[in-house]
Participant: 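Sending over a structure as structure tokens; questions will come in a sec.
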Amino acid sequence: MEKIETQKQTGPAAEAALPAPEAELSSRYQPQLIEDAWYQRWEREGLFTANPASEQPPFSIVIPPPNVTGSLHIGHALNNTLQDILSRQQRMQGKDVLWVPGCDHAGIATQNVVERELAKQKTSRHDLGREKFIARVWEWKQQYGGTIMRQLRRLGSSLDWTRERFTLDDGLSAAVREVFVRLYAEGLIYRGDYIINWCPRCQTALSDIETEHQDTSGHFWHICYPFADGTGSLVVATTRPETLLGDTAVAVNPQDERYRQMIGKKIMLPLQRVEIPVIADDYVDKDFGSGVVKITPAHDLNDFLVMQRHPDEVGIRNVMNPDGTMNKNAGHKYAGLDRFECRKAVLADLEAEGLLVKTEDHQHAVGHCYRCHTVVEPYLSRQWFVKMKPLAEPAMAAVRDGRIRFTPESWTKVYLDWMENIRDWCISRQIWWGHRIPAWYCQNKECQEVVVVKEAPPACPKCGGRVEQDPDVLDTWFSSALWPFSTLGWPESTPELQRYYPTSVLVTSWDIIFFWVARMAMMGLKFMGDVPFRDVCINSLVGDAEGKKMSKSKGNTVDPLDLMEHTGADGLRFTMALIETQSRYVAFTPDRLESCRNFMNKIWNAARFVLMNLDAEVSVAPQGQPDFADQWILSRLDGTVERVQNALAVYRFSEAAQALYDFVWHEFCDWYLEVIKARLAGDPDIRRSAQSHLLAVWDETLRLLHPFLPFITEEIWSHLPGKRDFLMRAAWPVPQAGRRKPEVEQEMGLVMEVIYAVRNIRGEMNVPPAARVKLLIRPTGTQAGSLASHVGVIKELAKVSELVIDASAVKPPMSATAVAGGLELFIPLEGLIDLAKERERLAKEIRTLEELLTRQEAKLSNEQFISRAPAEVVAAEQAKREDYRQRRERLQHNLQQLSA
RNA sequence: GGGCGGAUAGCUCAGUUGGUUAGAGCGCCUGCCUUACAAGCAGGAGGUCACAGGUUCGAACCCUGUUUCGCCCACCA
């Protein structure tokens, strides 16, 4: 109630902005005049709002929350179009639909954006301090954060805006703390010193999957490590010579005969002039390189693990600052140098000392920050981690036993493979924008208690000392992992949570299966005891015309808002549906968009035709018996309903869109509308019957189209006769067995064949379009009877002046001939016919038939085929051969006659 | 190193358990401003489905291998 009141206040202004529906459709399709208005009407009427108290079965989707920093790109357009198609279809099918909108705070990304703003103003987050900086980000969020949500409205997304969420909302933040505290209590969250991926530019830890490995051509430097006692040396190879400064051991394989004697000896580490031991560890592959590995525990994961296995022999020396420069442990000569500068300096110095044995080119994968693409440094630091194995087990089971089902199915393996090899998740980030880790440390040096609780404790519960909260925040994906239940009110037991969890389907792209889908599965099972979604529909990534991934840096992006400006939201939506074929990448090409815009125009014009041929009093209830053409189109429509329904049920959006396109354009417009014109111009009774059936078919077609094309269909619908509620809440069509008429479709097929054949002759013979021709049909079988009732249609659509059907007809001398479905067609073309041309045309047709016949004979002379193929297949092939034979004979006969 | 996906018309792509003359959009050619639509209508050309084997009565589709393009994962310094 309250909501409606507030809306009324803004009502008059909004109302004034809406154009009053006109009696007729404008002669041109102008989407920009109708789309925003309809969205406002739907939203004001509460048509997007779910009703937890509803009697209807629920259907729910949570949006993959876009980054607050973002604006709508083509991938969002695709992803949200698909979700909206499903939501609208389900709503029309009587479900109580909840599609939850919202944004992700996108920790590092957003912080980077605001920091760049600050840099422009010659200041920084460090100048501002934590509190002021965070306030600044919130300000920024208030100002720009709504952009993408507005753009989703523009696209027509039927999101329930009364339930919009943001990952930093109070409720969602409470959920984050709840989860953290519970996992910590169970020992599934822990804190420790490990090698993590460190971005020296963002100055934060990253998880493994936030590190993107790129193959890079680098070098392999072989360096001489002399023994301390002067008895020789070992050669080690490295791709990162600057880490030499942090070496605390050299390792060989214990089985390696070459080095067995050296184990336990001391190396005098070059440049650093410190002694380090030679140790033995199985990790060393004796067949790789020299079989000797330098051990740098503070800057390499494997080396760190080696150190842990040899705690008494191997020390640790961190030689780098968080910003990627060398620290004083690196030695005064190198301290302060950037890591890559230091690399050069180290190499130069080794060279000078004659210790650089050789330099090889080397291809290797180098980790880069997924946010800023800086080279990531393996770095020893104290971080928070989630223990993943116990969480992954149930998440794997849920997929294995089908409680979660991927579409396309092939993603299942990707998901499971990753889960099988999962490693603990580093969740702490050294940034400020995000959920602060709910851990407090007692400042009393004697105590040092770590307190992990949901709300800040006033003092240390153990010693009463002062506590300070951990300065770090959580990985953004930690809160995203809770999205399917945190948005529904968890940990409170809300009606929404009861009703809409598990959600029905998750629609997302494959690039975030690990980041998001897998983690939601784990967290949902852990905290809700059930999967977060039943189906995972994986949509494509949209590339450019060359199939390249779109990115701002490549400059090959297209702005969906520009596209909608040009084509309307519906045109873009249809393009998105048509393009989604479940392959990894789909190419966005402007001609595809163009053809969809043309389709919108076709629909608009069909609507105009329908409207201008309806009288105001026409009722939707069909009057009188359906005519042959009505039966045909209803049969085709019914098939289309089934195709679209089946395709959507398995998320084959392209197939569904294609079925709609074909039906509307090539059946409804090309044939039904053309055929019905005569009846609409006929006697009042005939006209009325035609109108009512036309309206019924069009009515249902609009319903079928609506989930794909909500705006244009709603607009057209509103102009149809009769007092009409929103199309958006009309019932979606269902297939009705009684409407399928294979015999009618077959008969219509024959009529179409005749018309095609005549048109072909006209086209090939260059008969002027306006000129009418005579047509003589000689039936051979039983088709004559059925054909007789379609004389009018054939005459009209094939531009025939006079049509004779006669089994004893004789081919008139100067005439063109064709054979269609057991019928022989003669078109007398005295004066018009070009004999040579007709001979050529016939000869070509005969050649085609001859080729087919040869193939057919070969097939049928194969005894294996006759004996082993199913009888109906053999029969069909035989019938085909007969058909080809007859047609060839007729045409040959006619050709001879023509030559005579 | 492991895994995945693609190779079909000039271009971008469909082709759902193997069985009509392999389809669409765009482009191309011919003719049309025919009162819903030139953002359109009618007709047409264009493909040894990457290659080589195999399974089968029958393969674009299933199997094996090859070539080639792309992607994902990975603690060989």
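Letters go in sequence order (proteins before strands), and every chain restarts at 1.
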Participant: If we take the C1' atom in both B:G44 and B:A36, what is their distance in whole Å?
Facilitator: 26 Å

Participant: Quick one: which of B:A77, B:C32, B:A36 gets closest to the side chain of A:Pro769?
Facilitator: B:C32

Participant: For residues 244-253 of chain A, please give each side-chain donor-acceptor pair under 3.5 Å, one per line with the distance, not counting sequence neighbours.
Facilitator:
from: A:Asp247; atom 1: OD1; to: A:Lys294; atom 2: NZ; distance (Å): 3.0
from: A:Asp247; atom 1: OD1; to: A:Thr296; atom 2: OG1; distance (Å): 2.6
from: A:Asp247; atom 1: OD2; to: A:Tyr225; atom 2: OH; distance (Å): 2.5
from: A:Thr248; atom 1: OG1; to: A:Gly315; atom 2: O; distance (Å): 2.8
from: A:Asn253; atom 1: OD1; to: A:Gln255; atom 2: N; distance (Å): 2.7
from: A:Asn253; atom 1: ND2; to: A:Val284; atom 2: O; distance (Å): 2.7

Participant: Can you name the nearest heavy-atom pair linking A:Ser801 to A:Lys795, along with the distance?
Facilitator: O-CE, 3.4 Å

Participant: Would you measure the distance from the P atom in B:C28 across to the matching atom in B:C69 and give it in whole Å?
Facilitator: 32 Å

Participant: Across the strands shown, which category fits A:Pro870 at heavy-atom distances under 4.0 angstrom: base, sugar-phosphate, nothing?
Facilitator: base

Participant: A:Trp221 ring centre to A:Arg343 NZ or CZ under 6.0 Å, with the angle to the axis within 45°?
Facilitator: no

Participant: To the nearest Å, how far apart are A:Asn598 CG and B:C41 P?
Facilitator: 9 Å

Participant: Of all the nucleotides listed (B:U20, B:G19, B:G40), which has the minimum atom distance to the side chain of A:Lys880?
Facilitator: B:U20

Participant: Tell me if the CZ atom of A:Arg759 is crowded by more than 12 foreign heavy atoms within 6.0 Å.
Facilitator: yes

Participant: Just wondering, more than 12 heavy atoms not from A:Gln746 lying within 6.0 Å of its CD?
Facilitator: no

Participant: Of the listed nucleotides (B:A74, B:G31, B:C76), which one gets closest to any side-chain atom of A:Ala365?
Facilitator: B:A74

Participant: Quick check on B:G40: is either OP1 or OP2 less than 4.0 Å from any side-chain nitrogen or oxygen of A:Arg28?
Facilitator: no

Participant: Between B:A74, B:A77, B:C57, spot the one nearest the side chain of A:Tyr283, thanks.
Facilitator: B:A77

Participant: Could you tell me how far apart A:Met600 (CE) and B:A36 (C1') are, to the nearest whole angstrom?
Facilitator: 16 Å

Participant: Should we say atom CD of A:Gln308 is surrounded by more than 12 heavy atoms from elsewhere, each under 6.0 Å from it?
Facilitator: yes

Participant: Please measure how far the C1' atom in B:G27 lies from the corresponding atom in B:G47, and state the result in whole Å.
Facilitator: 16 Å

Participant: What integer distance in Å separates A:Phe288:CZ from B:A77:P?
Facilitator: 5 Å

Participant: Given the C1' atoms of B:C61 and B:G18, what is the spacing between them in whole Å?
Facilitator: 6 Å

Participant: Test A:Glu594 against A:Arg597 for salt bridge (charged side-chain N to carboxylate O under 4.0 Å, His left out), laying out the working first.
Facilitator: CA-CA 5 Å; A:Glu594 203 74 2; A:Arg597 184 194 59 169; 2.9 Å; yes

Participant: So which one's nearest nucleotide on RNA chain B is more toward 5', A:Arg759 or A:Glu655?
Facilitator: A:Glu655

Participant: How would you label the contact of A:Cys669 with the nucleic acid (heavy atoms, under 4.0 Å): base, sugar-phosphate, or nothing?
Facilitator: base

Participant: A:Arg584 has an atom CZ; how far is it from atom C1' of B:C72, in whole Å?
Facilitator: 7 Å

Participant: What's the CG-P distance between A:Asn605 and B:C33, to the nearest Å?
Facilitator: 19 Å

Participant: Could you check whether the rings of A:Trp671 and A:Tyr756 sit parallel, tilted or perpendicular, using 30° and 60° as the cut-offs?
Facilitator: perpendicular

Participant: According to the Watson-Crick and G-U wobble definitions, with both distances under 3.5 Å, which nucleotide is paired to B:G19?
Facilitator: B:C57

Participant: Figure out the CH2/P separation between A:Trp671 and B:C41, and round it to whole Å.
Facilitator: 13 Å

Participant: Looking only at side-chain atoms of A:Asp591, point me to the closest of B:C26, B:A74, B:C37.
Facilitator: B:C26

Participant: Report which part of the nucleic acid A:Ala606 touches: base, sugar-phosphate, or nothing (heavy-atom distance under 4.0 Å, all strands).
Facilitator: base

Participant: Kindly list each side-chain donor-acceptor pair under 3.5 angstrom involving residues 643-651 of chain A, sequence neighbours excluded, with atom names and distances?
Facilitator:
from: A:Asn646; atom 1: ND2; to: A:Glu642; atom 2: O; distance (Å): 3.4
from: A:Tyr651; atom 1: OH; to: A:Asp535; atom 2: OD2; distance (Å): 2.7

Participant: Taking the side chain of A:Arg608 as its heavy atoms from C-beta onward, which of B:A42, B:C72, B:C37 lies nearest to it?
Facilitator: B:C37

Participant: When the nearest nucleotide of RNA chain B is assigned to A:Ala607 and to A:His362 on a heavy-atom basis, which residue is associated with the more 5' position?
Facilitator: A:Ala607

Participant: Are any of A:Lys677's side-chain N or O atoms less than 4.0 Å away from OP1 or OP2 of B:A36?
Facilitator: yes

Participant: Counting only side-chain heavy atoms from C-beta out, which of B:G25, B:U16, B:A39 sits nearest to A:Tyr661?
Facilitator: B:G25

Participant: Between B:A45 and B:U8, how far apart are the two P atoms, rounded to whole Å?
Facilitator: 23 Å

Participant: Tell whether A:Glu764 reaches the base of B:A42 with its side chain through a donor-acceptor pair below 3.5 angstrom.
Facilitator: no

Participant: For B:U12, which nucleotide in any strand shown is its Watson-Crick or wobble partner with both distances under 3.5 Å?
Facilitator: B:A24

Participant: Crowded around A:Glu863 CD? As in, over 12 foreign heavy atoms under 6.0 Å?
Facilitator: no

Participant: What's A:Trp665 touching, base or sugar-phosphate or nothing? Going by heavy atoms closer than 4.0 Å.
Facilitator: sugar-phosphate

Participant: Side chain of A:Val284 only, heavy atoms from C-beta on: which candidate in B:G25, B:A77, B:A74 is closest?
Facilitator: B:A77

Participant: Any strand is fair game: report the nucleotide pairing with B:G1 by Watson-Crick or G-U wobble, both distances under 3.5 Å, or none.
Facilitator: B:C73

Participant: Could you check whether A:Lys799 gets within reach of a base, just the sugar-phosphate, or nothing at all, counting any heavy atom under 4.0 Å?
Facilitator: nothing

Participant: Just the atom pairs and distances: protein N or O near nucleotides 45-50 of chain B's N or O, under 3.5 Å.
Facilitator:
from: B:A45; atom 1: OP1; to: A:Lys844; atom 2: NZ; distance (Å): 3.4

Participant: I want to verify a distance call: between B:G19, B:A74, B:U12, whose nearest atom is closest to the A:Val873 side chain?
Facilitator: B:G19

Participant: Go through B:A36, B:C76, B:G25 for me and flag the one nearest to the A:Glu674 side chain.
Facilitator: B:A36

Participant: Output the rounded distance in Å from CZ (A:Arg762) to C1' (B:U34).
Facilitator: 11 Å

Participant: Rounded to whole angstroms, how far apart are CG on A:Asn760 and C1' on B:G31?
Facilitator: 13 Å

